[in-house]
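Below, each value reflects all heavy atoms present in this structure, side chains not excepted, and no hydrogens, waters or symmetry copies.
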Amino acid sequence: MINRLAILGATGDLSARYLLPALVALRAAGDLGDHFQLTGASREDWDSARYRDWVTAQADRHGGHYPAAAKAAIAAAARYQRADVTNPADIASVIAGEGPVAVYLALPPALFPVVVTALHQAGLTAGSRIVLEKPFGEDLASAQELNRLLGELVPEQAVFRVDHFLAMTTVQNVLGVRLANRVLEPIWNSTHIAAVDIVWDETLALEGRAGYYDTVGALKDMVQNHLLQLLCLVAMEPPITLGERDLRDRKVDVLRSVRLLTEDDVVRRTRRARYLAGRIADHDIPAYTDEEGVNPQRRIETYAEVELELDSWRWSGTTFRLRSGKALRADRKEVAVRFRSVPHLPFGHSGEALPNVLRFGLEPEDLTFDLTGIGAHTDTLAPLSLTAQMEPPHLPAYGRLLLDVLNGDPAMSIRGDEAEEAWRVLTPVLNAWERDLVPLEEYPAGSNAPPPRQQYGSGQQRRSGLLHAEAAPPGGTS
């Protein structure tokens, strides 16, 4: 296990909200010992004492339920180095020390190539590891170049392209429920599953992230990485083991099987939009283009929806719909596996036999199976729901992620070819959107989503309407 962690961009939001509480959680769980060292590097003109005070304050703010002793231990293990993370000499000072180090790039993705080059020139101790947050590159060409630079610095097994979604308990339950229950695997295919909705709808707007978000948008921020990873876990063939090679080989197989969209497909099967001024709960939300730090000329979307199909024996005929939006009326964060309708119902029953839906709730974490049964009257069909509440995870997602990095287990990180295949899937969409082949629609903040487009064919209208209808809480309207 590596006992040294260097965070580049150590005073940013990612460190404050996620990395520091994760380290406290690891310490509280006994996964970090007394020899652990944390080096924070950023441009702020701080010293180590001020940084330790900041670490303590953030641990209290974002990890208040952890023991005070664990917070104090992480603060005591921390030192600070003011640094230009693009300067090899400054980087060399940050990573100096005995033994290998894990270097976490908590930085804007646009800086990754120059920082990786600086790390290469500074020299890393053998056995060190590099951690990069998504998105991995800005397009396919930049992802390939970044992979080339990383390959010159460390072995592929030492590169952790992390996606904290993969460390979420419910996300891992997609695999657990599939592979540990015999009743599901025989029907986990297109013969029985009509569609899979992978949705991350948020009531949150920008929340001060315009500097990052207005350079990427919903498609790159959520769909290209998080939601495609969920698609892989739902659609992958059962791996021989959950080791890093078997698991990631099967995920790459899924991405390679995604049918590339033509220009006509992109027009018919994708949507993009951004929010107007509106109201969410008791808060007034300005229009996206009026948010501080936003450049309206970039035409960045806050809502993205993509419909994909897989060319594979298992999934031919199943539709996979990936969607993410900000400033919507209600949070909806789930994977919904929609089974086909029954082929025949006995005569004499009133009511509707709705298709079964298996829902993996991502936040909050739960598992629900929608069924149909007999209602209060013996001749009436009625919906039934079986719900399982998940036990709280032993570690937060970033805690599990950091533990894997320090232990050198890359199974739940993204392999280089996997990152490139994910860009390949969405390159036709990016190209068509850049050429404005798909209109940039608008929706009021606090609404359910852009309404279904009437120019779609009847089948597409039904599919889009289904996805949009569920965005509303009970009784809501689009």
To the closest 0.5 Å, what do you measure between [atom1] ([X]) and [atom2] ([Y])?
{"X": "Leu233", "Y": "Leu175", "atom1": "CG", "atom2": "CG", "answer": "5.0 Å"}
{"X": "Ile74", "Y": "Arg52", "atom1": "CD1", "atom2": "CZ", "answer": "12.5 Å"}
{"X": "Met168", "Y": "Glu365", "atom1": "CE", "atom2": "CD", "answer": "5.5 Å"}
{"X": "Met222", "Y": "Asp201", "atom1": "CE", "atom2": "CG", "answer": "9.5 Å"}
{"X": "Leu8", "Y": "Asp90", "atom1": "CG", "atom2": "CG", "answer": "11.0 Å"}
{"X": "Leu204", "Y": "Ile285", "atom1": "CG", "atom2": "CD1", "answer": "9.0 Å"}

Any side-chain heavy atom of [X] sitting closer than 4.5 Å to one from [Y]?
{"X": "Leu5", "Y": "Leu19", "value": "no"}
{"X": "Val234", "Y": "Trp188", "value": "yes"}
{"X": "Leu20", "Y": "Leu38", "value": "yes"}
{"X": "Tyr104", "Y": "Leu14", "value": "yes"}
{"X": "Ser190", "Y": "Leu310", "value": "no"}
{"X": "Arg272", "Y": "Val429", "value": "no"}
{"X": "Asn173", "Y": "Leu367", "value": "no"}
{"X": "Pro67", "Y": "Arg27", "value": "no"}

Side-chain donor or acceptor of [X] paired with backbone N/O of [Y] under 3.5 Å:
{"X": "Ser128", "Y": "Val101", "answer": "yes"}
{"X": "Arg248", "Y": "Glu244", "answer": "yes"}
{"X": "Asn181", "Y": "Val177", "answer": "yes"}
{"X": "Asp214", "Y": "Asn295", "answer": "yes"}

Taking NZ, NE, NH1 and NH2 as the nitrogens, is one of them in [X] or [Y] under 4.0 Å from a carboxylate oxygen of the other?
{"X": "Asp197", "Y": "Arg323", "value": "no"}
{"X": "Arg209", "Y": "Glu291", "value": "no"}
{"X": "Arg259", "Y": "Asp265", "value": "no"}

- side chain to side chain donor-acceptor pair (under 3.5 Å) between Arg274 and Thr302, worked out: CA-CA 5 Å; Arg274 62 186 178 190; Thr302 61; over 6 Å; no
Without placing hydrogens or testing angles, list every side-chain donor-acceptor pair under 3.5 Å for residues 109-126, not counting sequence neighbours.
from: Thr117; atom 1: OG1; to: Pro113; atom 2: O; distance (Å): 2.9
from: His120; atom 1: NE2; to: Glu152; atom 2: O; distance (Å): 3.2

- Item | Pair listing, side chain to side chain donor-acceptor pair (under 3.5 Å) test, anchored in residues 414-423, at least two apart |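 Matches after skipping sequence neighbours: Asn147-Glu420, Gln229-Glu418, Asp249-Arg415, Lys251-Glu418, Arg415-Asp417, Glu421-Arg424.
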Distance-minimising heavy-atom pair for [X] and [Y]:
{"X": "Pro135", "Y": "Asn225", "value": "CB-ND2, 4.1 Å"}
{"X": "Ser324", "Y": "Leu227", "value": "CB-CD1, 4.2 Å"}
{"X": "Ile2", "Y": "Pro100", "value": "CG2-O, 3.7 Å"}
{"X": "Thr56", "Y": "Ala75", "value": "OG1-CB, 3.4 Å"}
{"X": "Gly217", "Y": "Ile300", "value": "CA-CG2, 3.4 Å"}
{"X": "Arg250", "Y": "Pro238", "value": "CD-O, 4.5 Å"}

- Walk me through it: do Glu441 and Tyr443 pass the test side chain to side chain donor-acceptor pair (under 3.5 Å)? CA-CA 7 Å; Glu441 303 175 66; Tyr443 60 97; over 6 Å; no
Only counting residues at least two apart or in another chain, list the ones meeting salt bridge (Lys or Arg N to Asp or Glu O under 4.0 Å) with [X].
{"X": "Lys326", "answer": "Glu202"}
{"X": "Asp139", "answer": "none"}
{"X": "Arg435", "answer": "Glu263"}
{"X": "Asp246", "answer": "none"}

- Task: Tell me, please, which residues at least two apart from Ala59 pass side-chain contact (heavy atoms from CB on, under 4.5 Å).
- Result: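 With sequence neighbours excluded, Ala59 shows a side-chain contact (heavy atoms from CB on, under 4.5 Å) to Val24, Lys71, given in chain and number order.
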- Anything under 30° is parallel, anything over 60° is perpendicular, the rest tilted; go ahead and classify His164 against Tyr18.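 Parallel.
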- Query: Which salt bridge (Lys or Arg N to Asp or Glu O under 4.0 Å) pairs, counting each pair once, include a residue from residues 3-17, with sequence neighbours left out?
  - Reply: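 Found Asp13-Arg17.
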Can you list, pair by pair, the side-chain donor-acceptor contacts under 3.5 Å of residues 395-412, counting residues two or more places apart and other chains?
from: Tyr398; atom 1: OH; to: Glu133; atom 2: OE1; distance (Å): 3.4
from: Tyr398; atom 1: OH; to: Glu133; atom 2: OE2; distance (Å): 2.9
from: Arg400; atom 1: NE; to: Asp404; atom 2: OD1; distance (Å): 3.4
from: Arg400; atom 1: NE; to: Asp404; atom 2: OD2; distance (Å): 3.3
from: Arg400; atom 1: NH1; to: Gln172; atom 2: OE1; distance (Å): 3.4
from: Asn407; atom 1: ND2; to: Leu403; atom 2: O; distance (Å): 3.4
from: Asp409; atom 1: OD1; to: Ala411; atom 2: N; distance (Å): 3.2

- Single hit among Asp370, Asp366, Thr368 for side chain to side chain donor-acceptor pair (under 3.5 Å) with Arg359: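 When side chain to side chain donor-acceptor pair (under 3.5 Å) is applied between Arg359 and each of Asp370, Asp366, Thr368, only Asp370 qualifies.
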For [X], does the [atom1] atom sit with more than 12 other heavy atoms under 6.0 Å from it, leaving out its own atoms?
{"X": "Arg256", "atom1": "CZ", "answer": "no"}
{"X": "Arg245", "atom1": "CZ", "answer": "no"}
{"X": "Ile187", "atom1": "CD1", "answer": "yes"}

- Task: Could you check Leu166 against Ile414 for side-chain contact (heavy atoms from CB on, under 4.5 Å), going step by step and ending with a plain yes or no?
- Result: CA-CA 10 Å; Leu166 294 177; Ile414 313 301; 3.7 Å; yes
How would you list, by chain and number, every residue that makes a ring pair (Phe, Tyr, Trp, His ring centres under 6.0 Å) with [X], sequence neighbours excluded?
{"X": "Tyr80", "value": "Trp46, Tyr51"}
{"X": "Phe165", "value": "Trp200, His226"}
{"X": "Tyr275", "value": "Tyr288"}

- side chain to side chain donor-acceptor pair (under 3.5 Å) assessment of Ser257 paired with Ser312: CA-CA 6 Å; Ser257 74; Ser312 69; 4.8 Å; no
- Kindly determine whether Glu309 and Thr319 satisfy side-chain contact (heavy atoms from CB on, under 4.5 Å), including the steps that lead there. CA-CA 5 Å; Glu309 293 184 350; Thr319 300; 4.2 Å; yes
